[in-house]
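Report on the structure given below.
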Amino acid sequence: MPVALAVDIGGTKFEVATVTDTGEIGGRARVDSTGASDAEELFGRLAGIVESFDLDPVDVCGVGSGGPMLPNGEEVSPLNIGVWRDFPLRSRVAELTGLPTFVDNDAKALALAEGWLGAAVGVSNYIAMVVSTGVGGGIVLNNKLLDGALGNAGHIGHVVVEPEGTELPGHVRGVLEGEASGTAIAFRTGAPASEAPADERARAGTMVGRAVGSVANLLDLQLAVVAGSVALGYGGVFFEAAQLECDRVAQLQHSVGTRIVPAGLAAEGPLIGAAAVGFSGSGHRVGEQ
């Protein structure tokens, strides 16, 4: 049974696990990814947990990382990891593990995971989103994960949803990430996003619904699968507000009825997605759309 080493690169943590081609997660480890002084210190944290794994039974390594990036993660510049700019992630992980290594955007990896084993199984056209420290997306159309010129298709977090909205440092004013991400909510409220009041939680959902409705109008899809600590942590108040706003925006014949649902894989999605990136890159199909 083929096994992947799955690596999830996040703005607050790195997580690594072994994942089989049936989606079963084996041993896993995580480390904090905040506060590093430079690129090498941060990579050293990742290396520390990777080196704790027995890689003898592992066939391939898949990595999901925030972007933007060059194709296959040859260089990554995650917006939520300031010390990594043009960092050669794929080659460094390949050197560390000795495995064939494939890298893609973490939200695109989530799209693969949700189409494989989650809330988008059997659906040919959908967007998968992560609403967490940042906001990212991956789009599947006609059973094909969209890449774009450099592999960055789906960056819904940088679609403007509120032109006179939040001026989050490092962002164009009013983009979705500047309105609905945990970083933006903490910036706006002065407290951790997990402590946000009900009106902020609903507002985040509204902004996501506005973006999803516009994407549904543009791309002729009727499903958005949403993961991430903000979306899943806020729960019903977030998803109800998101659906209400999506219904208001998506009123073309092909977009009416677009649904926004929680990701089916919940906290397991990023690791299963990273594994899917590895399996797909190596030519082993595992229910990839």
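Counting begins at 1 with the first residue of the sequence. Hydrogens, waters and symmetry mates play no part in the numbers below; they use all other heavy atoms, side chains included.
The aromatic rings of H155 and H158 lie perpendicular to each other, with more than 60° between the two planes, well past the 30° mark.
Remark: the backbone N or O of G264 is paired with a side-chain donor or acceptor of E114 at under 3.5 angstrom. For R173 (side chain) and G178 (main-chain N/O), no donor-acceptor pair under 3.5 Å exists by modelled atom type. When atom types are taken as modelled, the side chain of T183 and the backbone of T133 share a donor-acceptor pair closer than 3.5 angstrom. With hydrogens and angles disregarded, a donor-acceptor distance shorter than 3.5 Å links the side chain of R201 to the backbone of S194. Side-chain atoms of E179 do not come within 3.5 Å of backbone N or O of A184 as any donor-acceptor pair. Side chain of R45 to main chain of D32: a donor-acceptor pair is present (N/O by atom type, distance under 3.5 Å, no hydrogens or angles). A donor-acceptor pair is defined here as one N or O able to donate and one able to accept, closer than 3.5 Å; such a pair exists between the side chain of Y126 and the backbone of A111. At distances below 3.5 Å, not a single donor-acceptor pair connects side-chain atoms of Q222 with backbone N or O atoms of R259. For S255 (side chain) and A216 (main-chain N/O), no donor-acceptor pair under 3.5 Å exists by modelled atom type. Checking side-chain atoms of N125 against main-chain N and O of N142 turns up a donor-acceptor pair under 3.5 Å.
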Walk me through it: do V277 and V63 pass the test side-chain contact (heavy atoms from CB on, under 4.5 Å)? CA-CA 7 Å; V277 168; V63 184; over 6 Å; no

Verdict with supporting geometry, V131 and V226, side-chain contact (heavy atoms from CB on, under 4.5 Å): CA-CA 7 Å; V131 184; V226 186; 3.8 Å; yes

Check the pair V103, V93 against side-chain contact (heavy atoms from CB on, under 4.5 Å), reporting the backbone distance first and the verdict last. CA-CA 10 Å; V103 180; V93 172; over 6 Å; no

Might you work through the side-chain contact (heavy atoms from CB on, under 4.5 Å) test for L42 and F14, ending with a clear yes or no? CA-CA 10 Å; L42 186 58; F14 295 157; 3.7 Å; yes

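G228 and S132 get closest at one heavy-atom pair: CA-CB, 4.1 Å. Taking every heavy atom of both residues into account, Q243 and T258 meet most closely at NE2-O, 2.8 Å. When all heavy atoms of A202 and A241 are compared, the closest pair comes out as O-CB, 3.3 Å. Between L110 and M129, the shortest heavy-atom distance links the atoms CD2-O, 3.4 Å. Residues C61 and V7 share a closest heavy-atom pair of SG-CG2, 3.9 Å. Of all non-hydrogen atoms in A6 and V19, the two that sit nearest each other are CB-CG2, 3.9 Å.
Contact of the R248 side chain with the R210 side chain is registered, since non-hydrogen atoms from C-beta on lie closer than 4.5 Å. Within the 4.5 Å cutoff, the side chain of L176 has no heavy atoms near those of the S181 side chain. Annotation: side chain of V161 is not in contact with side chain of V208 (no heavy-atom distance under 4.5 Å). The side-chain heavy atoms of D8 and K13, taken from C-beta on, include a pair separated by under 4.5 Å. Put simply, the side chain of L46 does not reach to within 4.5 Å of the side chain of V31, judged on heavy atoms. Side chains of P78 and R85 form a contact here, defined as non-hydrogen atoms less than 4.5 Å apart. Contact annotation: the side chain of D147 approaches that of K108 to within less than 4.5 Å [non-hydrogen atoms, C-beta and beyond]. Side-chain atoms of V76 and F87, non-hydrogen and from C-beta on, do get closer than 4.5 Å to each other.
Put simply, CD on E200 and OG1 on T189 are 6.0 Å apart, with the number rounded to the nearest 0.5 Å. Taken to the nearest 0.5 Å, the CG atom of L70 stands 6.5 Å off from the CG atom of L150. To the nearest 0.5 Å, atoms CG (N105) and CD1 (I9) are separated by 12.5 Å. From E268, atom CD reaches atom CD of E15 across 8.0 Å, with rounding to the nearest 0.5 Å. Remark: I25 CD1 to L265 CG distance equals 8.5 Å, nearest 0.5 Å. From L117, atom CG reaches atom CG of L112 across 11.0 Å, with rounding to the nearest 0.5 Å.
In terms of hydrophobic clustering, with Ile, Leu, Val, Met, Phe, Trp and Tyr side chains grouped at heavy-atom distances under 4.5 Å, L221 and I156 are assigned to a common cluster. Linking ILVMFWY side-chain heavy atoms closer than 4.5 Å, directly or via other members, places L141 and V225 in two distinct hydrophobic clusters. Residues F239 and V261 are members of separate hydrophobic clusters, defined by side-chain heavy-atom contacts under 4.5 angstrom among Ile, Leu, Val, Met, Phe, Trp and Tyr. Tracing side-chain contacts under 4.5 Å through hydrophobic residues (I, L, V, M, F, W, Y), one reaches L99 starting from L89; they form part of the same cluster. Cluster membership check: I81 does not share its hydrophobic cluster with L79, using side-chain heavy-atom separations under 4.5 Å among Ile, Leu, Val, Met, Phe, Trp and Tyr.
For CD of Q251, the number of neighbouring non-hydrogen atoms (other residues, nucleotides, ligands) closer than 6.0 Å is greater than 12.
Side chains of T20 and T22: a donor on one and an acceptor on the other come within 3.5 Å. Looking only at atom types and distance, the side chain of S37 has a donor-acceptor partner in the side chain of E41 under 3.5 Å away.
A cation-pi arrangement is found for R92 relative to F43, the charged atom lying closer than 6.0 Å to the ring centre and inside a 45° cone about the ring normal.
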